[in-house]
Engineer: 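Got a structure here, written out as structure tokens. Questions coming.
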Amino acid sequence: MSKEIIVLALGGNAIANVSRTFDSQYSAIRDATKEIASLARDGYKIVITHGNGPQVGDAMLRNECAKDLVPPLPLYACVAETQGMLGAMIQASLLGHLGRDFKVASLITNVTVLAKDPAFKNPTKPIGSFFTKDELRKIKKLQPSASFREMVPGKFRRVVPSPNPISVIELNAVKELIEDGYIVIACGGGGIPVINKNKIVFTEAVIDKDLASEVLATSIGASVFVSLTDVAGAYENFRSKNKKLIRKIRADKLKELWDDGKFEEGSMKPKVKAAIRFAENTGKNAVIAAVGKARKAAKLKSGTIVYK
Ligand code: ADP
Ligand code: MG
């Protein structure tokens with residue numbers, strides 16, 4: 001039986017399909033975790049992280065729509081809520097696939113950031129739905145202090161600060177659960193962002209789950225770090241007709257493409273950055289692949305493979 005640790009980061013966008021109901025997301029998670037369950041059956045130690053971009057944006061908007069009836073929650077509270085909700089869905093899905101003999105634990109996770117991170121002054125992380133210009137006019141009345149960015153022509157999305165993750169507060173708990181044979185779900189939504197000086201202080205941000213997952217994967221000695229998303233991997237010339245999937249690439253070569261601005265802010269860019277960091281920090285492979293190809297990707301047979 002293999003004792004290797006595989007960290008798989010599940011994309012929030014890959015989970016949130018068009019309708020965005022609880023049932024449709026739960027169903028997407030059940031599908032997405034099938035392949036992950038088979039890796040657990042193969043004997044790997046599995047750690048799952050996940051995004052929450054669409055879900056946390058929806059949660060904020062729901063709060064703001066109901067603000068005259070019930071006090072709206074801050075962004076970090078919505079991060080905690082969606083971490084819990086998605087963790088519950090992943091946990092139940094895995095138990096459904098594997099049976100109760102498998103041990104699965106979803107851990108509320110705080111991730112530290114620096115108070116002086118420049119991201120606090122420059123929101124870049126897209127959350128929630130895409131809005132047309134007309135919808136945006138209505139939404140802006142509900143969310144007067146929010147920032148929005150035109151992601152593709154005519155389609156706007158709310159953006160929030162996304163500071164760099166430094167460390168995972170519950171790291172030892174994750175390690176102990178892995179040692180005890182648990183499949184661990186951690187760092188959901190990039191973790192609840194906290195500043196950790198003399199005490200832990202929650203802060204208004206959404207940490208990118210790709211970067212937080214890399215911090216976790218590196219800290220627990222993962223043998224491979226897999227980012228699962230809604231495309232087959234990282235492409236060159238992504239928005240053009242001659243887009244090309246990058247199959248296998250050395251971290252320093254990929255960094256050159258990254259420096260040239262080949263990857264889009266808030267989506268592929270952090271995934272590529274996380275993959276480069278993992279390969280450079282550990283000398284092991286990082287993979288960016290489609291959610292449905294988790295098993296092949298973990299065995300370096302699908303997606304974009306990044307090596308040192
Ligand atoms: P996730 O929820 O999985 O993190 P994201 O939306 O953040 O999903 O990132 C995946 C998206 O990145 C893809 O759906 C695609 O539209 C976008 N993307 C931007 N640039 C690229 C690129 N160069 N190669 C592949 N996908 C890209
Ligand atoms: Mg993303």
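Atoms within each ligand, like the ligands themselves, are counted from 1 in listed order. Computed from a prediction, not measured in an experiment: that's the story for all the values here.
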Engineer: Measure from NZ or CZ of Lys248 to the centre of the six-membered ring of Tyr307 and say whether it is under 6.0 Å with the direction within 45° of the ring axis.
Structural biologist: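 Because its charged atom sits under 6.0 Å from the ring centre and within 45° of the axis, Lys248 does stack over Tyr307.
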Engineer: Do we get Lys273 above Trp258's six-membered ring, with its NZ or CZ under 6.0 Å from the centre and within 45° of the axis?
Structural biologist: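 No - Lys273 does not lie over the ring of Trp258 by the 6.0 Å and 45° rule.
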Engineer: Is the NZ or CZ atom of Lys243 positioned over Tyr235's six-membered ring, under 6.0 angstrom from the centre and within 45° of the axis?
Structural biologist: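 Judged by the rule (NZ or CZ under 6.0 Å from the ring centre, within 45° of its axis), Lys243 counts as positioned above Tyr235.
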Engineer: Would you check ligand 1 and list the protein residues that come within less than 4.0 Å of it by any heavy atom, ordered by chain and number?
Structural biologist: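 Shell around ligand 1 (4.0 Å, heavy atoms): Gly11, Gly12, Asn13, Lys209, Leu228, Thr229, Asp230, Val231, Gly233, Ala234, Tyr235, Phe238, Arg239, Lys262, Phe263, Glu264, Gly266, Ser267, Met268, Lys271.
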Engineer: Quick one: which of Ile246, Asn285, Leu254 gives a side chain to side chain contact (heavy atoms under 4.5 Å, CB included) with Val306?
Structural biologist: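 Filter result, single survivor: Leu254.
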Engineer: Would you kindly check if the NZ (Lys) or CZ (Arg) of Arg30 is within the cone defined by 45 degrees around the ring axis of Tyr26 and under 6.0 Å from the six-membered ring centre?
Structural biologist: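 Yes, Arg30 lies over the aromatic ring of Tyr26.
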Engineer: Quick one: pull up NZ in Lys293 and NZ in Lys301 and give me the separation to the nearest 0.5 Å.
Structural biologist: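 Taking NZ in Lys293 and NZ in Lys301, the distance rounds to 14.0 Å.
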